[in-house]
Every structure is written in C-alpha cells, then in structure tokens.
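Reviewing the structure listed below.
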Amino acid sequence: MDSVNQLKGSQISCIVMNKNDNVITLLKRADKNELLTFSMDIDGQPQTLRARQAAPFGHKLALRKIIEGEEIIKYGEVIGRATADIEDGEHVHVHNLIGIRGRGDQSNLKENINGSH
C-alpha cells in the first residue's frame with residue numbers, strides 16, 4: 001500500500017504497463033522537451049524520458065529507439081509496426097506506425113511498404 005501512495009504523490013506523467021513495452025502512454029499532454037516521469041512497475045524507482053515533440057494526452061512516445069519494421073508494443077501487446085526509425089521520446093502515431101492488429105493484409109510490413117511481393 002505504501003508503494004501506491006508514493007506513486008500517487010509523485011509527478012508520474014506517463015505509464016508503462018508491461019516490461020516488454022517499447023512505448024509509454026501519456027497521462028497528460030506533453031510539451032516539446034518536457035521531462036516526463038514514469039515507473040516500470042509499482043515498486044520501481046521513477047524514471048524519466050524527454051519528449052522530443054509535443055504530444056496529446058493518451059498518445060504514445062517511444063521508450064527507446066525503435067527501428068523501422070520493428071513491432072510497437074503497448075500494454076504487452078503488439079499494436080503495430082514502425083514505418084520509420086523512431087527515436088526515444090519521439091511521438092509514436094499514424095505518421096510512423098502502421099496498425100497490424102486484426103489485419104491479415106499487414107502480416108509482412110516491408111512487403112506492404114515497398115509495394116513488392
């Protein structure tokens with residue numbers, strides 16, 4: 001219970017729900033160059049990530065560098081693939097992510113991006 005109270009009293013501004021996630025989810029709007037605070041788990045020490053650009057509440061930022069074609073993982077689930085290299089702290093959204101959940105046509109992203117078969 002003390003760990004929960006410690007987190008509630010801190011300035012947590014984004015969340016990481018699963019140790020395999022490579023994105024954070026914003027709990028508030030982020031400004032460009034803002035230092036954001038999160039914890040990887042309820043008992044973990046707060047960590048920080050600098051936003052490379054402004055992003056709205058509920059959107060995602062890369063937790064670490066993500067390479068083009070790499071899976072985007074949120075809440076422990078693959079939600080898409082990167083369509084470009086994404087730097088840590090960069091906004092992850094439709095401009096650099098293609099959703100693949102439930103889309104059999106997106107099983108091989110590189111083929112779809114390059115238009116080859």
Side-chain angles (χ1 to χ4, degrees):
M1 190 64 127
D2 288 335
S3 295
V4 172
N5 290 333
Q6 287 173 341
L7 286 176
K8 284 183 181 176
S10 69
Q11 295 297 318
I12 299 295
S13 50
C14 49
I15 57 173
V16 177
M17 296 298 291
N18 186 285
K19 65 181 178 173
N20 296 320
D21 290 356
N22 55 11
V23 295
I24 56 98
T25 301
L26 293 170
L27 297 175
K28 64 179 222 54
R29 181 189 190 291
D31 293 321
K32 182 178 181 177
N33 293 319
E34 182 176 353
L35 193 60
L36 304 166
T37 305
F38 65 95
S39 178
M40 294 296 277
D41 59 52
I42 200 72
D43 294 322
Q45 291 294 320
Q47 298 178 47
T48 59
L49 177 72
R50 187 164 306 276
R52 291 188 183 255
Q53 59 268 131
F57 164 82
H59 280 233
K60 302 168 293 302
L61 300 181
L63 184 57
R64 59 166 177 77
K65 183 171 184 166
I66 300 170
I67 305 300
E68 180 180 355
E70 187 177 344
E71 294 176 336
I72 306 293
I73 303 171
K74 178 179 175 181
Y75 305 145
E77 299 290 330
V78 175
I79 63 166
R81 290 194 189 279
T83 58
D85 288 351
I86 306 170
E87 298 297 324
D88 63 312
E90 190 174 336
H91 188 201
V92 178
H93 200 54
V94 296
H95 65 283
N96 56 13
L97 159 80
I98 188 167
I100 58 173
R101 288 185 63 111
R103 290 189 59 184
D105 65 322
Q106 297 297 323
S107 62
N108 187 333
L109 179 68
K110 288 197 180 215
E111 285 181 13
N112 290 315
I113 289 173
N114 296 329
S116 60
H117 299 280

- [ ] Please identify each residue that fulfils side chain to side chain donor-acceptor pair (under 3.5 Å) with D85, with sequence neighbours left out.
- [x] none

Open item on the list: I'd like to check the side chain to side chain donor-acceptor pair (under 3.5 Å) partners of N33; sequence neighbours left out, ordered by chain and number.
Closed with: none

TODO: With sequence neighbours excluded, give me every ring pair (Phe, Tyr, Trp, His ring centres under 6.0 Å) pair touching residues 19-39.
DONE: none

TODO: Mind checking side chain to side chain donor-acceptor pair (under 3.5 Å) for E87 and listing every partner two or more places apart, or none if nothing turns up?
DONE: K65

TODO: Could you tell me whether the side chain of V78 reaches within less than 4.5 Å of the side chain of I100, counting heavy atoms only?
DONE: yes

TODO: List the atom of E70, the atom of N22, and the distance in Å for their closest heavy-atom pair.
DONE: OE2-ND2, 3.8 Å

Task: Closest contact, heavy atoms only, L36 versus C14 - done: CB-SG, 3.9 Å

Open item on the list: Quick one, K74 and V92 - any side-chain contact, counting heavy atoms below 4.5 Å?
Closed with: no

TODO: If a pair satisfies salt bridge (Lys or Arg N to Asp or Glu O under 4.0 Å) and one of its residues is in residues 46-62, list it, with sequence neighbours excluded.
DONE: R52-D88

TODO: Could you list all the ring pair (Phe, Tyr, Trp, His ring centres under 6.0 Å) pairs where at least one residue sits in residues 68-88, not counting sequence neighbours?
DONE: none

TODO: With sequence neighbours left out, write down each residue that passes salt bridge (Lys or Arg N to Asp or Glu O under 4.0 Å) with E34, or none if nothing qualifies.
DONE: K28

Task: Polar side-chain atom of R81 near backbone of I98 as donor-acceptor pair, under 3.5 Å - done: no

